[in-house]
Each structure stands twice: as C-alpha cells, then as structure tokens.
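This report refers to the structure that appears directly beneath it.
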There are 2 protein chains.
Amino acid sequence: MPETTRRADRLPGTRYGNRPTMKDVAARAGVGLKTVSRVVNGEPGVTPDTERRVQEAIDALGFRRNDSARVLRKGRTASIGLVLEDLADPFYGPLSRAVEEVARAHGALLINGSSAEDPEREQELALALCARRVDGLVVIPAGDDHRYLEPEIRAGVATVFVDRPAGRIDADVVLSDNFGGARDGVAHLIAHGHRRIGFIGDMPRIHTAAERLRGYRAAMEDAGIAVEERWMSLGATNPERVRRAAEDMLAGPGPVTAVFTGNNRVTVTVIRVLAEQSRRVALVGFDDIELADLLQPGVTVVAQDSAALGRTAAERLFRQLDGTLVAPERIELPTRLITRGSGELPPAD
Amino acid sequence: MPETTRRADRLPGTRYGNRPTMKDVAARAGVGLKTVSRVVNGEPGVTPDTERRVQEAIDALGFRRNDSARVLRKGRTASIGLVLEDLADPFYGPLSRAVEEVARAHGALLINGSSAEDPEREQELALALCARRVDGLVVIPAGDDHRYLEPEIRAGVATVFVDRPAGRIDADVVLSDNFGGARDGVAHLIAHGHRRIGFIGDMPRIHTAAERLRGYRAAMEDAGIAVEERWMSLGATNPERVRRAAEDMLAGPGPVTAVFTGNNRVTVTVIRVLAEQSRRVALVGFDDIELADLLQPGVTVVAQDSAALGRTAAERLFRQLDGTLVAPERIELPTRLITRGSGELPPAD
DNA sequence: CTCGCATCTGACAACGTTGTCCAGGCTCTA
DNA sequence: TAGAGCCTGGACAACGTTGTCAGATGCGAG
C-alpha cells in the first residue's frame with residue numbers, strides 16, 4: 001500500500017527526528033533565512049517567483065514552523081490556560097467548550113487541566129501553565145488563597161476566575177447567583193406548603209456550596225422557619241454519603257417533606273433515593289441535569305448557564321489582553337428556576 | 001487591604017511586563033547564570049549556601065522559568081495534544097479526563113481542542129499542536145485522510161487515533177467494537193420478538209456510524225429479516241431531523257415496533273419521541289446515558305467505556321514515546337449490553 | 001610547602017525564530 | 001545618462017534556556 005506511512009519510516013535518534021528548519025528551507029530554495037520567514041508569515045516584500053520557490057521547498061521538506069522559538073522571540077504564545085475541577089463533570093464540558101470557542105475566535109489555543117478539587121494541584125497546574133507563558137488564565141478555584149498568582153498577574157498574565165471567587169487577591173470573577181438561586185429554589189418549595197425542608201450540599205469551604213447554603217437559610221428565615229440541624233448535610237461528596245444523608249433526613253420522627261440539593265451530582269443520587277421511597281418527597285436541585293424532564297416526576301431545578309459563564313469569562317480575559325479593561329470586576333449571572341413537577345409536589349406527611 | 005494585589009500594580013508596557021530571567025536572578029544573587037539554572041533544575045554541584053542565596057533571589061523577584069526557551073533548547077515539550085469532536089458531549093468528557101490523568105502521570109500537560117466534526121478544522125488544530133511541538137497527539141478523527149500527519153509522524157510525533165480509525169496512514173488505533181455492539185443490541189431486540197426494527201444513526205461517512213449500521217444489518221440478516229429502506233435514517237445530526245425520522249418510521253402501515261439508536265444524542269431525542277407515543281415501542285441505544293435507569297422504562301443500552309478508550313490510547317502513546325512500541329496496532333475494546341427495560345418490551349403491533 | 005585532585009562555578013555557544021537595518025538592483029524622471 | 005527613490009533580499013543580533021568545557025577554589029597528602 002504505497003499511500004500509507006509506516007512508523008518504521010521514522011528517522012530514529014535525534015531530537016524531533018531531524019525536523020527541517022527555516023535554514024534548511026532557505027538553503028534548498030537558494031534564498032536567505034529571513035525570506036523564508038517572510039513567506040511563512042505572509043509578510044510583504046517577496047516576489048511571486050521567490051515565494052513559489054520557497055513554498056516548494058517547504059512542501060518538499062515538510063517544514064513546519066517551530067512555535068516555541070517563535071514564542072521565545074515574540075513574547076506571546078496565543079494560548080490560554082483553563083484550570084477546572086473535573087472535565088468529566090457534565091457541568092464543565094460546555095464551560096470548557098465555550099472558553100475554547102472564544103479563544104479560537106481570538107486565534108488562541110486552549111490548554112486545560114483538572115485540579116480534582118485539590119488546592120495544591122490547582123496551584124501546580126496554574127504555575128505550570130504560566131511557565132509555558134500562556135497569555136491568560138481562566139481558573140475555577142479549588143483553593144481559597146491565590147496570592148501565588150501575584151507575580152504572574154503583575155507580569156501581565158490576564159486572569160479571570162469563574163464559578164467561585166479568587167482568594168485574597170483582587171481579580172475578575174464571573175459567577176452564578178448561587179445565593180439568589182438557592183433562596184428562590186427553597187422559597188419555591190415553601191410556597192408549595194413545605195416547612196421541613198432538607199439541604200444536601202458540598203463542603204462549605206467551597207464558595208458555591210457556602211452561598212447555596214446561605215440561600216437555603218435565608219429562604220427559611222424569610223418564612224419564619226427554624227432550621228433543624230439534622231435537615232442539613234454538608235460535605236457529602238460521594239454518592240454513599242449523600243445516600244445516607246438523604247435516608248437519614250427522610251426517616252425518624254418529623255422527616256423532611258422536601259429536599260433541596262446543592263449540585264448536580266447530589267441531585268442525581270437523591271433522585272435515586274427518592275425513587276425508592278413509598279412517600280412522595282418534593283425535590284429542587286441546583287444545576288440542570290439531562291433528561292430531567294423525562295423522569296417521573298420531572299425534576300425541578302435551579303439552572304445555571306455554564307456555557308455563558310465560560311464565554312463571559314473568556315471574553316473578559318481577552319479584553320484584559322486588549323488593554324480595554326482596568327478595574328477588576330465581579331460579574332454575577334442570573335440563574336433560572338425550571339419547574340418540571342418534583343418541586344411542585346405538596347407535602348406528604 | 002494589604003493582603004491583596006490590584007491589577008493596577010502591574011508593570012505596564014514591555015513584553016511579559018518585565019518578567020525576570022535567570023540572568024536577573026544571577027545578578028541579584030551574585031552568581032553565574034548557569035548556577036541559577038542548576039538550582040532551578042535541582043542539578044547537583046551547588047553548595048547549600050549558594051543554593052540558598054539563589055533561592056532567595058528567585059523568591060524575591062518572583063522568577064518562573066520560561067518553558068518556551070527550555071523547550072527550544074531541549075526539544076521536548078512534555079505536553080500532548082488531544083483533538084476531539086466536542087468537549088461538551090458527555091461521551092468525551094471522561095475520555096479527555098482519562099487522557100489527562102495518564103499524561104499527568106508522565107509529567108505532561110494536555111492541550112485539547114474541538115474539531116466540531118469538521119475535517120478541515122481537525123487538520124488545522126492538529127498541525128497547530130505540532131507547531132507547538134507537542135510530544136504526541138491523540139486524535140479522534142473527523143476526516144478520513146490523515147496523510148497530512150505524515151511529516152509529523154516521521155519527525156517523531158507519537159500519534160494514536162481513538163474512537164475511529166485513521167485514514168490512509170498506518171497508525172495506532174483504539175476503538176470500541178462498534179459492529180459487534182450494534183449487532184448484539186439489535187439481536188437482543190430480535191430475541192424479544194421484534195422484526196420491524198428501525199435504525200437511526202449518524203452520517204455513514206463517520207466510521208463509528210457506518211460500523212453500527214453494519215452491525216444492525218448483520219443482525220437483521222442473521223435473523224433472516226429483510227430490512228426496509230424506510231426503517232433506516234442516516235445522517236440525522238440535529239434533534240429536529242431525528243425527531244422527524246423517528247416519527248416517520250413509527251407512523252404509516254407496518255410501523256417499526258423497536259428502534260436502535262446510533263449514539264447518545266440520537267437516543268435522548270428518540271426517548272422524548274417515544275414518551276409521546278401511546279403504543280409502547282422498544283428501544284436500545286448505543287452509548288450509555290446518565291439516569292437511564294430511572295426513566296420509565298429504564299433504557300437498555302450498548303455501553304462503551306469512554307474512559308478506557310482514552311486511557312488505553314494515552315498509555316499507548318507514551319509507550320511510543322518510550323520507544324517500547326514498533327508496529328502500529330488496532331485495539332478494539334468490547335462493549336457491554338446493559339438491560340434496563342426498554343429493550344425487553346415485546347412488540348406492540 | 002607544594003602538588004594533585006575533587007568540587008564548585010561561570011563563560012560561551014546553540015536551539016529556531018523574528019526585528020532591524022543595510023546593500024544592491026531596479027524603475028522612473030530630469 | 002545620471003540621480004533619486006523604491007523594492008527585494010539577506011546578514012546579524014536577540015529572545016531565555018541548557019550543555020559543554022575550562023577555570024577557580026579548597027582540601028588533603030606527600
């Protein structure tokens with residue numbers, strides 16, 4: 001099969017396996033080094049005939065410009081970094097994709113990494129990206145102290161935080177209205193007659209979790225309901241703990257008649273638990289989930305627009321790079337209550 | 001608030017805003033350039049006292065090694081590229097994450113980009129990554145001719161294709177058993193008494209779609225069932241077309257009693273359509289979907305392990321870089337039929 | 001006290017590209 | 001035909017790092 005390449009063809013040994021450089025192209029085309037550079041970059045000042053000869057040499061040698069050298073010379077990498085929690089989480093896919101699209105529109109590549117919710121790993125990753133001299137950084141914080149980025153920001157790395165605010169530095173932040181969204185969601189349950197309402201969320205050291213908890217408390221207080229300690233479960237990170245927490249608050253005397261869940265992962269687990277109950281328990285979840293409308297009953301959620309979060313953050317980042325922006329700002333995007341049935345169930349004591 | 005940094009502190013003007021270099025560190029510490037390099041890279045041959053002085057200078061200046069220059073000198077970037085179709089697709093999140101974890105274990109960063117199913121964009125992206133001198137490339141092909149990668153592969157860029165095979169070049173490929181999975185899924189429907197079975201899938205120019213279609217045809221043929229043209233819909237890419245296709249094959253004389261869907265997006269749409277039908281129609285879908293078990297009925301699927309695909313591909317890529325591998329190979333991972341109810345419904349004529 | 005050796009340090013070139021600047025050849029005009 | 005001006009092409013330095021190699025320093029042994 002003459003039309004294929006076998007790996008055995010590859011030149012062994014030397015670095016990059018003897019990749020041709022502009023010098024090689026110049027020699028082959030019989031022109032100067034800079035002339036090749038001009039052709040490659042589409043700069044003016046090359047006669048059509050010379051350009052053709054250079055182009056032929058490029059094609060013949062399979063030359064490809066070395067962007068590392070280019071970056072070293074020019075000082076801009078045309079790439080931005082994205083540090084997020086977990087790409088496998090359905091919440092971050094669209095966000096990442098939105099950031100990528102904006103980057104692409106600005107001719108930049110996106111490098112991303114997952115912090116796995118570990119502050120140390122977040123720092124390690126962010127600094128590795130800075131060492132590559134990304135032009136900017138979009139960070140979904142795992143930690144709560146970002147002073148380690150001070151030298152980078154001072155050195156000109158555009159930085160925007162998303163989903164959670166930065167810790168101890170003054171920087172651009174784009175978030176959802178976690179407090180308001182949670183308060184509205186819980187108020188919705190109260191409006192449908194519930195008073196014993198459970199809350200299952202992430203560790204309060206995570207800003208979004210703390211804000212949503214605050215929203216829950218605010219809604220309850222507004223309604224004059226005293227929250228009992230056992231209605232709340234914080235830091236339920238894995239499905240087993242969420243399950244136990246849900247079962248606990250559904251059992252015993254004075255069980256909850258409704259549950260507010262603090263994020264999509266918790267919601268999914270709680271849906272399973274509720275499906276096993278004989279009694280109908282109301283549910284409102286933070287974050288939308290796919291197929292929520294097809295379940296019985298449909299799942300009422302407080303939805304945030306993760307793509308909009310990413311897009312807004314990335315656009316702001318490039319405006320920093322343009323020099324258009326000066327003062328860091330905190331942008332809060334609204335959430336949307338989507339009623340589908342589960343949040344409208346009446347209390348079943 | 002003395003503990004925060006304001007962007008206004010940033011030095012204006014010069015490239016990178018005056019980022020300190022090893023030279024600056026050396027000057028401040030009163031040592032030679034190479035000594036700084038040694039400290040930064042943890043090379044031996046530096047007295048503790050000197051090391052301390054250098055470290056102090058590094059901290060004082062906020063120095064961070066410029067990896068672009070390092071790459072230029074060393075020839076390895078310790079980064080790999082991933083070209084996939086759409087990060088927002090739940091199928092690719094875990095795959096990407098798996099690749100990232102393997103890369104991380106090898107001390108490499110992951111740069112990824114979405115091709116949006118456009119061959120031209122795939123090529124553009126892959127070559128941009130090569131220009132950055134990534135050490136390797138994991139590609140989920142959108143196009144069917146990858147000869148443009150020949151010079152790169154020859155130059156030593158490790159390359160692995162995932163999910164779909166490479167076109168016109170001989171390279172490592174990791175895929176799911178699309179043919180077998182689809183055949184088993186359709187056979188499962190036949191075993192439950194169905195004979196008029198619909199197939200809704202992607203454009204057959206996409207390898208996975210073609211294979212799954214082939215599996216459908218094989219299962220039908222094995223059972224001695226002549227497939228009617230109007231039972232098949234190929235190239236239904238957006239929800240509207242899928243919906244129409246499903247409605248068409250469910251209407252008219254001799255409607256299908258079961259549907260096999262070719263990917264997760266199609267499955268989701270078809271679930272919606274079936275939910276509106278008065279008659280119970282059986283369904284088996286390719287790709288698992290979240291909450292499939294909680295629907296009424298649960299959705300029977302042919303599941304592929306996207307994380308395993310990513311992990312296998314990345315591991316193979318690093319083995320190429322180790323020099324452990326020689327001959328390109330085609331690795332096929334098995335799929336798994338998960339029965340949840342929708343695929344076990346009897347025909348309702 | 002001096003030599004030799006081991007240890008530590010630094011000068012220098014090179015990586016591949018781009019920006020600056022100058023040389024040479026051409027055209028056009030007087 | 002000579003001079004001015006324009007256009008094209010190329011020599012050279014610089015970007016920040018690392019590998020090479022030779023010099024400096026200190027210590028112990030003879």
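Numbered from 1 within each chain, the chains take letters A, B, ... in sequence-line order.
In terms of polar N and O atoms assigned as donor or acceptor, the side chain of A:Lys23 never comes within less than 3.5 Å of the base of C:dG16 in a complementary pairing. Scanning atom types as modelled, one donor and one acceptor separated by under 3.5 angstrom connect the side chain of A:Arg38 and the base of D:dG10.
Of the charged side-chain nitrogens involved, at least one lies within less than 4.0 Å of a carboxylate oxygen, so that B:Glu101 and B:Arg97 count as a salt-bridged pair. Using a 4.0 Å cut-off between charged nitrogen and carboxylate oxygen, A:Arg52 and A:Glu56 count as a salt-bridge pair.
In this structure, A:Gly45 reaches the sugar-phosphate backbone alone: every heavy-atom distance under 4.0 Å involves primed, P, OP1 or OP2 atoms, never a base. Contact annotation for B:Asp67: no contact, since no heavy-atom pair falls under 4.0 Å across all strands. Residue contacts for B:Val40: at a heavy-atom cut-off of 4.0 Å it reaches no nucleic acid atom on any strand shown.
Contacts between residues 48-61 of chain B and DNA chain C, counted as heavy-atom distances below 4.0 Å, involve B:Thr50.
Taking atom NZ on B:Lys74 and atom P on C:dC15, their separation rounds to 16 Å, with Å as the unit. At whole-Å resolution of the value, CZ in A:Arg133 and P in D:dG16 are 9 Å apart. Between the CG atom of B:Asn41 and the P atom of D:dT18 there is a distance of 4 Å, rounded to whole Å. Between the P atom of D:dT17 and the CG atom of B:Leu72 lies a distance of 12 Å, rounded to the nearest Å. Atom-to-atom, CZ of A:Arg76 to P of D:dG16 comes out at 14 Å; the value is rounded to the nearest Å. Straight-line distance from the CZ atom of B:Arg65 to the C1' atom of D:dT18: 10 Å, rounded to whole Å. Atom CG in B:Asn66 sits roughly 14 Å away from atom C1' in C:dG16 (whole-Å rounding). Rounded to an integer number of Å, the gap from B:Met22 CE to D:dG19 P is 10 Å.
Residue-environment remark: CG (A:Asp118) exceeds the threshold of 12 foreign heavy atoms within 6.0 Å.
Phosphate contact (OP1/OP2 of C:dA14, side-chain N/O of B:Arg73, threshold under 4.0 Å): absent. Within the structure, a side-chain polar atom (N or O) of B:Thr47 is placed less than 4.0 Å from OP1 or OP2 of C:dT9. Contact annotation: A:Thr35 does not reach the phosphate of D:dG9 (side-chain N/O to OP1 or OP2, under 4.0 Å). Between B:Ser37 and the phosphate of D:dT17, there is no side-chain N or O to OP1/OP2 separation shorter than 4.0 Å.
Of the N and O atoms on the side chains of B:Thr159 and B:Glu152, not one donor lies less than 3.5 Å from an acceptor on the other residue.
Across all their heavy atoms, B:Arg19 and B:Asp24 have their closest contact at O-OD2, 4.1 Å.
Note on ring orientation: taking the six-membered ring where Trp is involved, the planes of A:His106 and A:Phe318 are parallel (angle under 30°, cut-offs 30° and 60°).
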* What do the steps show when you test B:Arg132 against A:Asn66 for side chain to side chain donor-acceptor pair (under 3.5 Å), and what is the final call? -> CA-CA 6 Å; B:Arg132 309 245 156 170; A:Asn66 184 332; over 6 Å; no
